[in-house]
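Here the structure is laid out as structure tokens; the discussion comes afterwards.
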Amino acid sequence: MSKILLHGTEAICEGAIRNGCRAFFGYPITPQNEVPEYMSVKMPEVGGVFVQAESEVAAINMVYGAAGAGTRAMTSSSSPGVSLKQEGISYIACARIPCVVVNVMRAGPGLGGIQPAQGDYFQATKGGGHGDYHLIVLAPSSVQEACDFTYRAFDLADKYRVPAMILADGMIGQLMEPVELPPMRDLSEIPEKEWATSGHYGKERRVLNSLIIKPEELEPHVNELQKTYDEIYKNERRALSYMTEDAEIVLTAYGTPARIVKSAVNELRRQGVKAGCIRPITLYPFPDDAYAACAVRDCTKAFLSVELSLGQMVEDVKLAVNGKKPVYFYGRTGGNVPDEEEIVRAALESLKKAEAN
Amino acid sequence: MKVFQKTKMLTDAHLHYCPGCTHGIVHRLVAESIEELGVQDKCIGIAPVGCAVFAYDYFNCDMQEAAHGRAPAVATGIKRTHPDKIVFVYQGDGDLASIGMAETVHAAARGEKISIIFINNSIYGMTGGQMAPTTLIGQKATTCQNGRDPAVNGYPIRVCELLATLDAPYYIERVSTHDVKHVLAAKKAIKKAIQFQAEDRGYSFVEVLVSCPTNWHMRPVDALRFMGEECTKTFPLGVYRDKSQG
Amino acid sequence: MASIKIDELICKGCGLCANACPKKVISISAHRMNANGYFVAEAAEPQNCIGCAFCAIMCPDCAIEVEK
């Protein structure tokens with residue numbers, strides 16, 4: 001199959017459309033404006049629905065309705081807009097409605113900036129809304145992955161009846177790279193949802209609801225959700241490890257920083273330093289096994305998490321490493337992206353600190 | 001021969017509404033309209049957050065519970081992806097005219113082909129009687145305990161008139177439930193709202209004045225009188241848009 | 001002969017039916033209470049009933065059936 005040059009946001013749309021997404025509800029916000037723009041053209045072409053909502057709050061609730069009625073639906077936004085969607089996502093998770101939410105992150109907090117960032121990690125992986133719930137969170141690190149992960153997100157969401165999130169930083173959203181597009185999936189292949197509210201009077205009535213006002217009913221429901229998350233943890237953790245088998249220093253990053261970390265590892269190797277890196281594909285469920293595997297090796301001296309934030313994923317790395325080895329952090333914020341040299345320097349410092357202790 | 005019996009479009013669940021609250025009447029009018037129009041097998045209703053938060057237990061069709069204020073957006077999502085289905089939205093004044101005002105105005109401005117039943121009882125009932133956007137000037141509520149003072153709390157919002165400035169809506173009417181005559185008129189309006197959707201004509205909106213004996217601190221019969229005499233002064237009944245009348 | 005049937009379990013004794021009845025057939029019992037603790041409506045003067053169903057139209061709880 002030939003490759004075509006695509007914009008990150010367009011690749012996300014193609015990944016959705018080619019796996020049966022037939023409803024998109026969006027709202028303008030940099031750096032993901034091209035998603036609603038692209039969908040406004042493409043959705044009608046495939047017989048789908050596009051609505052520019054009056055706000056990100058309205059958009060996520062339109063997804064609630066459409067997905068609740070059985071349609072594969074998606075919304076997209078960027079950090080401040082995704083914050084507005086949190087309540088809606090909590091309702092969607094509680095009512096067990098599958099859908100896909102895309103966050104092309106920009107620098108925060110507040111109105112922040114429009115350059116790439118990763119300061120929404122906690123919000124995405126720990127549940128940014130109220131109550132105990134999670135989304136499956138996938139972190140693309142290329143335009144190809146932006147397409148493939150969005151495609152896959154719909155199957156994962158349907159499989160577990162959970163919301164799934166594509167967590168990309170602004171650079172991944174705005175890059176143009178060659179992409180091999182998956183074939184258009186036939187809608188008939190997508191299993192019908194027997195729980196969907198699409199009009200069933202007389203037969204078994206269906207209700208989608210997240211109000212469970214009796215504690216003796218809400219607790220079992222929440223425990224049921226947790227069982228799903230345990231299942232997701234067991235089956236869906238994904239990470240890529242690069243040259244970690246003999247690594248003294250294991251770097252880790254996702255999204256754009258992961259690409260720069262990889263070249264930093266190669267540079268460190270050229271300088272004779274045994275470095276390796278882990279790139280989580282799923283941020284929830286967090287691939288803790290990949291880190292634990294390195295932590296038990298004698299050769300591994302330290303871990304270094306590189307993020308476009310003040311350090312969020314690093315906490316999950318620490319949990320995974322469980323105190324066996326020191327875990328350090330290097331980050332840039334405000335929309336700044338570290339270059340290879342900065343990361344090499346941070347890695348060497350981390351090693352020095354580890355050897356000093 | 002039975003002259004009157006409960007419609008099958010209402011479930012057997014007992015309504016949780018307070019004694020004399022005319023929410024229950026409006027539930028029946030919506031259910032009867034759906035049954036009489038024969039659209040019950042393709043009907044999807046959306047329950048709000050407020051006194052009618054348990055409406056999904058009462059309407060005998062597929063239901064979705066929307067987050068507070070977001071019912072028109074949820075309805076948009078359903079109707080756009082299922083244009084052949086009948087989507088009705090049941091909301092109170094806090095849900096529709098306060099937190100959900102943006103969703104209300106934009107669903108109407110887009111002309112979503114849905115039917116909105118707006119219950120205006122001038123109060124937040126479920127949460128115990130706070131001031132609503134439709135609380136009357138001088139009317140007491142737990143958050144304006146000396147009576148609504150426009151200098152502090154602003155003026156009541158007349159949603160029918162507000163939506164009537166938009167081009168897209170097909171049908172907008174305000175009705176009441178303070179006596180038999182008005183309940184029958186309300187039934188006609190609600191049935192039209194659903195019928196216009198069934199005929200794919202456009203966005204329908206019916207505002208229904210409803211009593212709240214508990215939070216108005218009145219006996220049920222007195223609350224009906226207050227609705228008929230006082231509420232209709234601030235919220236005049238009548239048709240504000242009916243494109244079927246040419 | 002017209003008549004009404006009030007489901008006493010559902011009735012909340014709100015009095016809207018009694019208020020709407022043109023023939024004063026219905027009144028709220030002064031002493032009979034249902035399981036929920038409401039004094040129930042009852043057809044005190046059933047013979048006056050004309051089957052107009054005003055009571056049922058005003059009942060918020062669909063507690064009244066009317067026959068003719």
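Below, chains carry the letters A, B, ... as their sequence lines are ordered, and counting in each starts from 1.
The distance from atom CD1 of B:Ile25 to atom CG of C:Leu16, rounded to the nearest 0.5 Å, is 6.0 Å. Expressed to the nearest 0.5 Å, how far NZ of B:Lys6 lies from CD1 of C:Ile10 amounts to 5.5 Å.
Between chain C and the options B:Thr177, B:Val3, B:Leu184, B:Val26, the largest number of non-hydrogen pairs under 4.5 Å is found for B:Val3.
Using a 4.5 Å cut-off between heavy atoms, B:His178 contacts chain C through its backbone alone, with no side-chain atom that close. Contacts between C:Ile4 and chain B at a heavy-atom distance below 4.5 Å are absent for every atom of the residue. Contacts between B:Leu29 and chain C at a heavy-atom distance below 4.5 Å are absent for every atom of the residue.
The interface of residues 215-226 of chain B with chain C, defined by heavy-atom distances below 4.5 Å, comprises B:Pro220, B:Val221, B:Leu224. Within residues 36-63 of chain C, the residues having any heavy atom closer than 4.5 Å to a heavy atom of chain B are C:Tyr38, C:Gly51, C:Ala53, C:Phe54, C:Ala56, C:Ile57, C:Met58, C:Cys59, C:Pro60, C:Asp61, C:Cys62, listed by residue number. Applying a 4.5 Å heavy-atom cutoff, none of the residues of residues 28-35 of chain C approach chain B.
No donor-acceptor distance shorter than 3.5 angstrom exists from the side chain of C:Lys12 to the backbone of B:Cys21, with no hydrogens or angles considered.
Between B:Gly20 and C:Cys14, the closest heavy-atom pair is N-CB, 3.1 Å.
Take B:Glu32 and apply the salt bridge (Lys or Arg N to Asp or Glu O under 4.0 Å) test, not counting sequence neighbours, and it matches B:Arg28, B:Lys187.
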